[in-house]
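Below, chain A is the first sequence line, B the second, and so on; all start at residue 1. All values below were derived from every heavy atom in this structure, side-chain atoms included, with hydrogens, water molecules and symmetry-related copies excluded.
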2 protein chains.
Amino acid sequence: MSTREEIIHLGDQLIRDKGFNAFSFYDISKKLKIKNASVHYHFPTKSDLGLSILDDHTKKLHELIEGTATKSPMVKLNAFLSIYTKIKSEGRVCLVGSLATDLNTVDPKMAKALKVFANEILEWVTSILQEGRTKKVFAFQESARTKALMIISNMLAALQLSRLTDEKDFYVIQQTVIKDLKS
Amino acid sequence: MSTREEIIHLGDQLIRDKGFNAFSFYDISKKLKIKNASVHYHFPTKSDLGLSILDDHTKKLHELIEGTATKSPMVKLNAFLSIYTKIKSEGRVCLVGSLATDLNTVDPKMAKALKVFANEILEWVTSILQEGRTKKVFAFQESARTKALMIISNMLAALQLSRLTDEKDFYVIQQTVIKDLKS
DNA sequence: ATATACCTACCAATTAGTAGGTAAGCAAAC
DNA sequence: GTTTGCTTACCTACTAATTGGTAGGTATAT
């Protein structure tokens, strides 16, 4: 992994660990054993880094969407839910949840990229649910978009809430989401 | 309102607006037209302020629980949901959601108080659902605690997610929660 | 010869927090 | 009834650390 990629990777972890306003370029430089100025060489401003992290997530989302395009709705849904399982196993929260609370403190370009990212997730999950209902794998009353909103908000908050109530509550919520869709 | 109360009120708004790590004692002193040192007179450290804000929320939660104790489950549920409606009207997120993402950056006493607060909400909503099911006002398959987790996570994330997708999505999620419980 | 990827050495602003002073109010002791 | 002591709620003035960011230099590879 190049230094640039390592900075993105580390920045991403820090954002989802502590929030955008609780990490500094020094945190990154310390960990990578390079100087603060070297981090600025790769990313002139903190916003540039934030944008690159968002770009990276967007790219990986596209890869996942394309990689599962021919699979069944259930496999696609599991691919979506696995994103959160992995985040939970690292003790972190998701990028959307972390940055949504920081929204009023980030620059407009970052806010825009975040909104695009969140909407792409919503569209993807909506299409999975739509397809699943057509194929009679999933059952739900609401519009596919509304159901997608419910599921995404359950998973997003499951990461945050289970930090406070019980770590197991993440899996309780996740399993309930799956069970509910199948009935 | 005393200065002390004004500081708590303002600190609370700032946390739910921008996050715990994105506001300073100077922000508060500026707004209240007193000096930074005067804020420190009331709250020696930022953690002291954070704790007082959590105490304030806990106290208000207790008042709401007691104030609705003799009411019907539907009235209680509406009281719970109204908390979020009010927060949404202010364009903010909830305290639990905001601080959950900052959890790894706050001191242990604050983290403890936050966990206590989150669990008290969970217990309250659980008891509302339990009572509602017994009285056949609500219908759901899961355990009352699990259903409470689902509803709380929907509402918590509705505030965050609707900042990114569409402001109206908050109400879409909220209405879906209500409709789902009644069916 | 130029771009890459680092470095040293800064800087200005912001941050949380402290030291020590003041002015007003209030209550008991002389 | 006024002096004394204590508390409250501010103030001025400061500090040490951290922060995001810059200027300009160096070594290496192409």
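Regarding contacts with the backbone of dG20(D), every side-chain N or O of T45(A) stays at 4.0 angstrom or more from both OP1 and OP2.
No contact: F43(A) has no heavy atom under 4.0 Å from any strand.
Residue N21(A) contributes atom CG, which lies 12 Å from atom C1' of dG20(D) at whole-angstrom precision. Atom CZ in F23(A) sits about 17 Å away from atom P in dT15(C), given to the nearest Å. Atom-to-atom, CZ of F25(B) to C1' of dT18(D) comes out at 17 Å; the value is rounded to the nearest Å. Summarising the geometry, the separation between CD1 on I28(B) and P on dT15(C) is reported as 11 Å, rounded to the nearest angstrom. Put simply, CE on M1(A) is 17 Å from C1' on dA5(C), counting in whole angstrom units.
Comparing dT15(C), dC6(C), dG20(D) by their nearest atom to the side chain of K46(A) picks out dG20(D).
Partner of C94(A) under the side-chain contact (heavy atoms from CB on, under 4.5 Å) criterion, chosen from L159(A), I83(A), L99(A), I152(A): L159(A).
For N104(B) (side chain) and K18(A) (main-chain N/O), no donor-acceptor pair under 3.5 Å exists by modelled atom type. Not a single donor-acceptor pair under 3.5 Å links the side chain of E131(B) to the backbone N or O of I128(B).
Linking Ile, Leu, Val, Met, Phe, Trp and Tyr residues whenever their side-chain heavy atoms come within less than 4.5 Å leaves V116(A) and L156(A) in two separate clusters. Clustering ILVMFWY residues whenever any of their side-chain heavy atoms sit less than 4.5 angstrom apart, transitively, puts M110(A) in the very cluster that holds L61(A).
Taken residue by residue, residues 29-42 of chain B places heavy atoms nearer than 4.0 Å to DNA chain C at N36(B), A37(B), H40(B).
Judged by distance alone, the side chains of E90(A) and Q13(A) never bring a donor and an acceptor atom under 3.5 Å apart.
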